[in-house]
Undergrad: 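The structure that follows is given in the form of structure tokens.
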Amino acid sequence: MPMYSEKVMDHFTNPRNIGEVDDADGVGEVGNPVCGDMMKFTIKVKDNRIEDIKYFTFGCGAAIAVSSMVSEMARGKTLEEALKITNKQVAEELGGLPGNKMHCSNLGADALHKAIHDYMEKQGAKK
Amino acid sequence: MPMYSEKVMDHFTNPRNIGEVDDADGVGEVGNPVCGDMMKFTIKVKDNRIEDIKYFTFGCGAAIAVSSMVSEMARGKTLEEALKITNKQVAEELGGLPGNKMHCSNLGADALHKAIHDYMEKQGAKK
Amino acid sequence: MKEINLDYAAATPVDEKVLEAMLPFFTEHYGNPSSGHNLGEKPRQALEEARAEVGRLIGIEEPGKNKIIFTASASEANNLAIKGIVTAGKRRGNRIITSAIEHFSILNQLRSLEKEGYEIVKLPVDESGLVSPGQLKEALNDQTILVSIQVANTEIGTIQPIKELVAIATEQEIPFHSDATAAAGWIPLNVEALGVDMLTLAGDQLYGPKGAGALFVKRGIRLRPLIEGGIQEQGLRAGTENVPAIVGFGEAARLAYTHLQKRSEQVASFRDKLKESLFKEIPHLHLNGHPEKRLPWNLNISVEFVEGEALLMRLNMEGIYVSSGSSCTSQALKSSHVLDAIGSPPELAQGSLLLAAGLKSREEDIPGITEKMSEVASLLRKMSPLYHQYLKEAQNNANV
Amino acid sequence: MKEINLDYAAATPVDEKVLEAMLPFFTEHYGNPSSGHNLGEKPRQALEEARAEVGRLIGIEEPGKNKIIFTASASEANNLAIKGIVTAGKRRGNRIITSAIEHFSILNQLRSLEKEGYEIVKLPVDESGLVSPGQLKEALNDQTILVSIQVANTEIGTIQPIKELVAIATEQEIPFHSDATAAAGWIPLNVEALGVDMLTLAGDQLYGPKGAGALFVKRGIRLRPLIEGGIQEQGLRAGTENVPAIVGFGEAARLAYTHLQKRSEQVASFRDKLKESLFKEIPHLHLNGHPEKRLPWNLNISVEFVEGEALLMRLNMEGIYVSSGSSCTSQALKSSHVLDAIGSPPELAQGSLLLAAGLKSREEDIPGITEKMSEVASLLRKMSPLYHQYLKEAQNNANV
Ligand SMILES: Cc1ncc(COP(=O)(O)O)c(C=O)c1O
Ligand SMILES: Cc1ncc(COP(=O)(O)O)c(C=O)c1O
């Protein structure tokens, strides 16, 4: 793991916000074990802001660190702001990721965006 | 040199009969530096026997040991006996020679035979 | 923190006796074995003694009878065997048979040869990792120039019926190479009894140093050297011989041969007890590889619902060193080709751990290992969507 | 008996500091650099530090900038360079240019490639061993895919005008490989200033251990690995890295870099004094190689009228170790291809001795060496038909 930054190791060792929020407003699930990693984000939205965010992750060290970092980055942000979080930003916040692990940051951002879109769709359906 | 037998090392270290006999009855020279080895045998013949035999050799350790061994094997033998000395016998008497040095034993036997034939020719010429 | 190595498949420490045997060849007997003077003598002798010891480990009693070519690694020996025989071009044909679970040093060169026009047949294996002799027989045709099937698999430990496989190829006069890297020193091997034409092994898998491998080559097999140049190693591998490493390999081979049974029993006993303990304490474990026909040191398990690298990293934090997938490819992304080949479902293959016992593995450490493994598995399962899905389904089933 | 090694070209002992640097990697830091856990960390770091040190020795300041691929020997690096670029097949063409005095690990693989249809042009050298830039220029054509010319010759010590030669090839965008095995650590080398695309060197020529060589590969040069398998060495050389040997190579490179000038001057001073003494005391000696443009440790003489192996053996009995012809081929029969190429007449080429000075060569030994050499030369001349022929002719001339 010397190929992982300290930040990655920190988030892997102490992943933040594990779990599932109660009565999720939005759910975003990406990946599957066949491709190697799987993430499921659940969010609570209040006043257009991500009030709570949790996740389950099946995957390598980087995948776990990415999930944790994404949850921290997204929490408290407006949906628009959260939608602007890119995989590149996630990797940067983590102090970089090894080349062969960059796809994990994609997954993290994707899962977050999916959860937000899920929320938005449900909102649309309610109207 | 560990590929050389003790016998070879002995004859290389203390080569017998170096030199040229005075008023040689027969001279046999084979090889040249281009092929790598060169031997010159000179013999004294008395009563159809090789009374004295000496040589000069330019060549590797095996070539020197072969010359020395041939000189010992031939000394005192009748010409007919000496002509029967084969390269194989020389190599055997030396306790064997490495494969890539077998040509040296050929040279030794050849040079001896050449010296004998030289003597025989000269004898023929005298008659 | 107490450190426990369960990754002796990746590397073994050099045995004290082995290092002792090597040391004089760095400084005192540093000569070149090709030298014609005294400085070459000891190194040259030592080389031949090592050759005899390595030969003995694989059943060669008369050193002169067969060739052992020293290389720098098992990978090099595997490349010399396959490319060597193919480029020597003695046999006509373009088909090469191998198995789906060979090491990358076999499979990747075969992929290159495939691009050059050779037909590569990768025999499948059953769910325990065994190649079927019947399928080998069917795969042979008159275009077949080589069969290369390993003695045993490093990752899942499965031992092939090599003798039987060789007999099938030999019947049709097709040369047979076998990679014994994982097996040599741990199970008895006799190249003559097995009938193989070439066999690969290496010193660093048996408490010898890195940097010394060997290829056994039967008489009559013609190879083109991979490394051309000087006439070292009977013209089959140019370059100044790595005398200290080869001496170490020789000594390691001697020790492995002398203590083979004791060593095997020792690691197998540890392995079996570890397995029992883990399976008792941790739910949802799966054994990979053959239940009996396996290398004595090898335990490979899949920890359901979690991913191997995360397990490896968590265990590493606890001072327990394991590998996930093949140790040589743990930097790669995909699940191991070996687990794929035995039909392990992806989510299980992803969570595979190779636990490789060694001579210093201690049974008294098993409770500690089990506890840590259990903790780490629980922790990662708690964050696994697959585990929560399973729990939900289990609850639903219970409610039905 | 006092032993005096004058054959440091065949092998150098491992420097104490080098061995000290290596030792922990046999037993303590024995891990596999590819391992994902802590046991892989030290070895992996050590590997990269060694890479940086070896890079520094050949003028690479930024380690990341260019590739150093570790191999097991200079021979392997030479084979990787040439076969690697040829089989990568990026350039179209079939002509490869080399010199007549390359090491066998260059020439023998080129002979193989010739059989496969490549056109091999061996540039001649002048009587001092120099390749002519003009002749290189003439030899290049649009089918030329590679030039491989050594930095310096091990046997006769001649140093080529590499920078000039490279410039000619580079002008036509033809990759240039150079074998610096004999030169690295003894003359300053800077791959960037020289402009070479690939460069071979090895640790055992500079008081490092056997078993570690390296190929520098410039960015943009594509090679196919010789040994395929795992992704070690950036995918260019599969197989578990020989960590202790590479660490030793790194430390040896560091020491060589640090002390390059001092070491060179030291061995050159010994060499020059030895030469002076020998030429003064022994008649009919001839210097082989360039009088000035030569490696500082290298002295090559022909002892007229006698043969080299016999000299070597006699000197060996006196505890003086030398080589005759190329040290790596002293078991072969013919006189060296290098001496043939510089036009040395056969009887002189046959009597050539390579006297290679080392860091432990002592000037106070020179009188003793001279005396023994003189004795041995006399003794062998006394039994040489060529010498007696010479004496006779000399006498005849005197009588005229
Ligand atoms: C110039 C040169 N290149 C390559 C080599 C090959 O070195 P090795 O035998 O260590 O592979 C040698 C050996 O002496 C050499 O002198
Ligand atoms: C079965 C098998 N063959 C070959 C190899 C290659 O060994 P090396 O990396 O030492 O060349 C390995 C490495 O683990 C292996 O397990």
Side-chain angles (χ1 to χ4, degrees), chain C residues 3 5 7 10-14 16 19 26-27 30-32 34-40 72-76 78-79 103-106 108-109 112 204 209-211 224 226-231 238-245 309 312-313 315-316 321-324 327-332, chain D residues 3 5 7 10-14 16 19 26-27 30-32 34-40 72-76 78-79 103-106 108-109 112 204 209-211 224 226-231 238-245 309 312-313 315-316 321-324 327-332:
Chain C
E3 294 183 292
N5 187 0
D7 190 19
T12 53
V14 174
E16 261 174 43
L19 184 57
F26 289 112
T27 45
Y30 65 88
N32 188 320
S34 299
S35 287
H37 49 67
N38 286 351
L39 297 182
S73 67
S75 294
E76 187 190 337
N78 281 341
N79 276 258
H103 186 260
F104 286 126
S105 54
I106 301 286
N108 283 353
Q109 54 169 328
S112 289
D204 57 349
K210 295 175 177 66
R224 176 177 156 186
L226 207 57
I227 301 170
E228 293 170 295
I231 54 169
T240 303
E241 302 89 340
N242 187 348
V243 181
E309 193 207 80
L312 183 161
M313 287 173 64
L315 288 169
N316 184 57
Y321 308 129
V322 302
S323 77
S324 168
S327 63
C328 302
T329 57
S330 57
Q331 286 182 4
Chain D
E3 294 183 292
N5 187 1
D7 190 19
T12 53
V14 174
E16 261 175 44
L19 184 56
F26 290 112
T27 44
Y30 64 88
N32 189 320
S34 299
S35 287
H37 49 66
N38 285 352
L39 296 182
S73 67
S75 294
E76 187 189 338
N78 281 341
N79 276 258
H103 186 258
F104 285 126
S105 55
I106 300 285
N108 283 352
Q109 53 168 330
S112 289
D204 57 350
K210 295 175 177 67
R224 176 177 156 186
L226 208 57
I227 301 170
E228 294 171 294
I231 54 169
T240 302
E241 301 89 342
N242 187 348
V243 180
E309 193 206 82
L312 183 160
M313 287 173 65
L315 288 169
N316 183 58
Y321 308 130
V322 303
S323 76
S324 168
S327 63
C328 302
T329 56
S330 57
Q331 287 183 4

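Residue numbers begin at 1 in each chain, while the letters A, B, ... track the order of the sequences.
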Undergrad: Any sub-3.5 Å donor-acceptor pair from D:Asn32's side-chain atoms to C:Ala10's backbone N or O?
TA: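 Yes: the side chain of D:Asn32 pairs with the backbone of C:Ala10.
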Undergrad: For C:Leu226, is it the side chain, the backbone, both, or neither that has a heavy atom closer than 4.5 Å to a heavy atom of chain D?
TA: both
Undergrad: Where do C:His37 and D:Val322 come nearest, in terms of heavy atoms and distance?
TA: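 Nearest pair, atom of C:His37 first, then D:Val322: CD2-O, 3.0 Å.
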Undergrad: Between the main-chain N or O of D:Gly229 and the side-chain N or O of C:Asn108, is there a donor-acceptor pair closer than 3.5 Å?
TA: yes
Undergrad: For D:Ser73, is it the side chain, the backbone, both, or neither that has a heavy atom closer than 4.5 Å to a heavy atom of chain C?
TA: side chain
Undergrad: Heavy atoms only, distances under 4.5 angstrom: which of C:Ala11, C:Ser75, C:Pro13, C:Pro244 has the most pairs with chain D? Name it, please.
TA: C:Pro13
Undergrad: Less than 4.5 Å to any heavy atom of chain D: does that hold for the side chain of C:Asn78, its backbone, both, or neither?
TA: neither
Undergrad: Counting heavy-atom pairs closer than 4.5 Å to chain D, which one of C:Ile227, C:Asp204, C:Val14, C:Thr27 comes out on top?
TA: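 Among the listed options, the one with the most contacts to chain D is C:Ile227.
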Undergrad: Chain C heavy atoms under 4.5 Å from D:Asn242: which part of the residue, side chain, backbone, both or neither?
TA: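 The answer is both parts of D:Asn242.
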Undergrad: Does any N or O in the side chain of D:Lys210 come within less than 3.5 Å of the main-chain N or O of C:Phe26, such that one atom is a donor and the other an acceptor?
TA: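 Such a contact is absent between D:Lys210 side chain and C:Phe26 backbone.
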Undergrad: What part of C:Glu241 gets closer than 4.5 Å to chain D, counting heavy atoms only: side chain, backbone, both or neither?
TA: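 The backbone, not the side chain.
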Undergrad: Between atom OH of D:Tyr30 and atom OG1 of C:Thr12, what is the distance when rounded to the nearest 0.5 Å?
TA: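 Reported to 0.5 Å precision, the distance equals 8.0 Å.
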Undergrad: For the CG atom of C:Leu39 and the OG atom of D:Ser323, what is their distance to the nearest 0.5 Å?
TA: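 With rounding to 0.5 Å, CG (C:Leu39) is 11.5 Å from OG (D:Ser323).
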Undergrad: Heavy atoms only, distances under 4.5 angstrom: which of D:Leu315, D:Ile106, D:Asn5 has the most pairs with chain C? Name it, please.
TA: D:Asn5
